[in-house]
Amino acid sequence: MPRIVVDPVTRIEGHLRIEAQVDGGAVTDAWSSGTMFRGIELILRGRDPREAWIWAQRICGVCTMVHALASVSAVEDALNIEIPDNARLVRNIIAATQTIQDHVIHFYHLHALDWVDVVSALKADPATTSRLAQSISEWPLSSAAYFRGVQDRVSALVASRQLSLFGSGYWGHPAYHLPPEANLMAVAHYLEALKFQRDFIRIHAVLGGKNPHLQTFLVGGMTTSLDPNEPGAPLNPERIDFLIQVAQSAADFVRQVYIADVLAVAGFYQDWFGRGEGLGNFMCYGAFPQGSVRDLHNFFLPRGIVLNRDLSTVHPVAPGNVTEYVAHSWYDYSDGDNTAKNPYEGQTRPRYTGPKPPYEFLDVNQKYSWLKAPRYEDKPMEVGPLARLLVAYASGQAEVKSLVDSTLAKLKAPPSALFSTLGRIAARALETQLLAGHLVGWIQELGKNMESGKLDIHNGQKWDPGTWPDTARGFGFFEAPRGSLGHWVEIENQAIKNYQEVVPSTWNAGPRDAHGQRGAYEAALLKTPVADPAQPLEILRTIHSFDPCLACAVHVVDARGKTRAREG
């Protein structure tokens, strides 16, 4: 049986290797390997807990602020700090903005090319493309002249033989099913999405000072001050109006372009609603608190676990039940590699035992990844937009249930269709629509607080380390665009004694554990059809549907242990 190696998997952040066994035209086994080492936990030891977020945020430049939020939340949990309502709202706005932008970028710039044949767009009739676009959406840029201009730009790229990221696509692959006109429409919206993300992320510039790596987080709240009477204040009535305008424009793009395109593409790939399911276990820590951030039962997207595809029951989530294995990871534990450790007792002890390059295959019977294998009550979990949507749907969240049911009706698909590669894409789009609709409301709520004189945005009651206990532990969580993110901190004598992160792509991309249980990527690839082993487009479709971000899960040394990059 041939083994396919995809290394590196491109159009992701970081370095991922997939090896897949193929028999009879389908994947019969698969292995996921992160090929660089993450060392941020080692960098944080001994530092002031109040500055941990500054370092943790540098884990990744794609998600930008997600580690900052999880980090300040972990320290606030350890020190029992409640943040003001304005800080909650600003964090919700920043987080929703990140998720919306991230999802749009993923669909158009990282994943769409798995479904869209760019070269085929040259064969399209712009007038027919215009009619297609106008039949599915009221988006104004849909004239024949507009699509002809896009086609001319693509044609000029092809003629120049300088296709850039379009140059290595599997164009003409038999798994592409979109007609030329749909391909041309998608390529046009690929370009529109570039403009969208540039304009939309200005919300981060206002609330965070910059993007990426926002600078306004603080243990106890935020530094973004509110002042209704100061024209130069970070937040005043004029800035609120600007944020509302940007958010409303984004909601229009999401509804008229992103959602319309996802539904259009899905219509040509209905068979992918039955492929790429994977584990059937889904976890969400809870997202977007609607009141006190300490209230774990009041999230816009509720926390919980769905097991074995059973949407009739939502199980509770407790961080004490999270563990990590290193049986197939290039680390060792002091008391044996087949044990499972909760992150509070977690160890980051890198030990590379893999083959020396160049090598053809990994020895997958031994250690084969720089990613650990997280488990919840010893069960592997899928995290991400699909997990959040399924937990909310199973919890009876009315807005989610209505949107999911109406979308499935349009697609003429049952709820079980969500357990799939295409289900992940649909869930990501629907989550974007939900958050775009709520973003304006959160901004307006912030404006009303300011108008009423409610201006507190930071709680400095425990800012003085002299008020801290000698030892403290805290868990900070956030539902990052790619899934459940957890930071665990142990503080001793006012400094960080131990720090561990379990990130979304570790949950999804992790290797087998000591019991041989596959991770989410590995399980999702089983039974995936492969038309041409030399062009494994189908494998990329399922892996990309998770939106991998290996920079969060691994760090930077080569196989010989030579450092390639340093923090600071």
Side-chain angles (χ1 to χ4, degrees), residues 13 53-54 57-58 60-69 86-110 139-141 189-218 221-228 230-259 287-288 428-429 431-451 457 478 480-481:
E13 171 65 16
W53 69 270
I54 301 172
Q57 188 169 209
R58 265 64 183 183
C60 181
V62 173
C63 293
T64 69
M65 45 63 58
V66 302
H67 292 285
L69 183 49
N86 286 327
R88 172 190 69 86
L89 287 168
V90 170
R91 290 181 183 183
N92 275 359
I93 294 165
I94 287 173
T97 299
Q98 176 67 67
T99 300
I100 293 166
Q101 186 215 27
D102 202 279
H103 286 354
V104 171
I105 289 174
H106 171 258
F107 178 72
Y108 286 103
H109 305 135
L110 302 179
W139 183 246
L141 295 177
H189 293 163
Y190 176 106
L191 300 174
E192 290 297 321
L194 290 171
K195 299 176 185 176
F196 161 83
Q197 65 98 4
R198 177 196 63 196
D199 294 337
F200 180 58
I201 208 61
R202 290 181 295 174
I203 294 176
H204 276 190
V206 171
L207 298 179
K210 64 187 288 287
N211 180 275
H213 304 320
L214 285 65
Q215 297 297 294
T216 54
F217 288 97
L218 202 62
M222 301 293 291
T223 66
T224 312
S225 62
L226 289 75
D227 193 332
E230 176 54 55
L235 277 175
N236 55 37
E238 182 182 0
R239 293 282 177 86
I240 292 292
D241 289 343
F242 171 76
L243 295 178
I244 290 173
Q245 178 185 353
V246 173
Q248 288 175 334
S249 177
D252 290 341
F253 180 89
V254 169
R255 179 176 55 84
Q256 297 177 12
V257 182
Y258 181 20
I259 294 295
F288 304 102
R428 188 174 283 108
E431 180 176 68
T432 308
Q433 184 176 357
L434 286 165
L435 293 181
H438 278 260
L439 184 58
V440 171
W442 285 324
I443 297 170
Q444 290 172 334
E445 190 176 350
L446 189 63
K448 289 178 182 177
N449 282 354
M450 185 169 56
E451 291 172 2
I457 200 165
F478 176 60

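With values rounded to the nearest 0.5 angstrom, Asn449 atom CG is found 6.0 Å from Leu89 atom CG. Here the straight-line distance linking atom CG of Leu110 with atom CD of Glu13 works out to 10.0 Å at 0.5 Å rounding.
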Taking distance alone, no hydrogens or angles, what donor-acceptor pairs closer than 3.5 Å link side-chain atoms of residues 432-439 to residues at least two apart or in another chain?
unit_1	atom_1	unit_2	atom_2	d
Thr432	OG1	Arg428	O	2.7
His438	NE2	Glu399	OE1	2.7
His438	NE2	Glu399	OE2	3.2

Determine all donor-acceptor pairs shorter than 3.5 Å in which one atom belongs to a side chain in residues 241-256; sequence neighbours excluded.
unit_1	atom_1	unit_2	atom_2	d
Arg255	NH1	Glu138	OE2	2.6

Contacts under 3.5 angstrom, residues 199-206 side chains, donor-acceptor by atom type, not counting sequence neighbours:
unit_1	atom_1	unit_2	atom_2	d
Arg202	NE	Asp199	O	2.9
His204	ND1	Asn211	ND2	2.8
His204	NE2	Ile94	O	2.9

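Considering only heavy atoms from C-beta on, Leu207 stays 4.5 Å or farther from Leu214 through its side chain. Residues His67 and Trp53 fail the side-chain proximity criterion, which asks for heavy atoms closer than 4.5 Å. A heavy-atom distance below 4.5 Å is found between the side chains of Leu141 and Glu192. Contact annotation: the side chain of His103 approaches that of Tyr258 to within less than 4.5 Å [non-hydrogen atoms, C-beta and beyond]. Under the 4.5 Å side-chain criterion, counting only non-hydrogen atoms from C-beta, Phe196 is in contact with Ile100. The closest side-chain heavy-atom distance from Leu191 to Lys195 is not below 4.5 Å.
Environment of NZ in Lys448: sparse, with no more than 12 heavy atoms of neighbouring residues, nucleotides or ligands closer than 6.0 Å.
Looking only at distances, a side-chain donor or acceptor of Arg58 sits under 3.5 Å from a matching main-chain atom of Ile54. In this structure, the side chain of Asn236 engages the main chain of Glu230 through a donor-acceptor pair within 3.5 Å.
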Q | CA sep, side-chain torsions, deciding dist, call: Val90, Leu235, side-chain contact (heavy atoms from CB on, under 4.5 Å) | A | CA-CA 10 Å; Val90 170; Leu235 277 175; 4.3 Å; yes

Q) Gln197 and Tyr108: side-chain contact (heavy atoms from CB on, under 4.5 Å), yes or no, with the steps? A) CA-CA 11 Å; Gln197 65 98 4; Tyr108 286 103; over 6 Å; no

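The ring pair (Phe, Tyr, Trp, His ring centres under 6.0 Å) search around His106 returns His111, not counting sequence neighbours. Residues satisfying the salt bridge (Lys or Arg N to Asp or Glu O under 4.0 Å) test with Glu445, not counting sequence neighbours, are Arg88.
The two atoms that bring Thr64 and Pro212 nearest to each other are CG2-CB, 3.1 Å, heavy atoms only. Of all heavy-atom pairs between Ile240 and Met450, the closest is CG1-CE, 3.7 Å. Counting all heavy atoms, side chain and backbone alike, Pro481 lies closest to Gln98 at CG-CG, 4.2 Å. Shown here for Thr216 and Gly209, the closest heavy-atom pair between the two residues is CG2-N, 4.4 Å. Between Thr223 and Leu218, the shortest heavy-atom distance links the atoms CG2-CD2, 3.7 Å. The minimum heavy-atom distance linking Ser225 with Pro234 is given by the pair OG-CD, 3.3 Å.
Among residue pairs with one or both ends in residues 91-104, those qualifying as salt bridge (charged side-chain N to carboxylate O under 4.0 Å, His left out) are Glu76-Arg91, Asp102-Arg482; sequence neighbours excluded.
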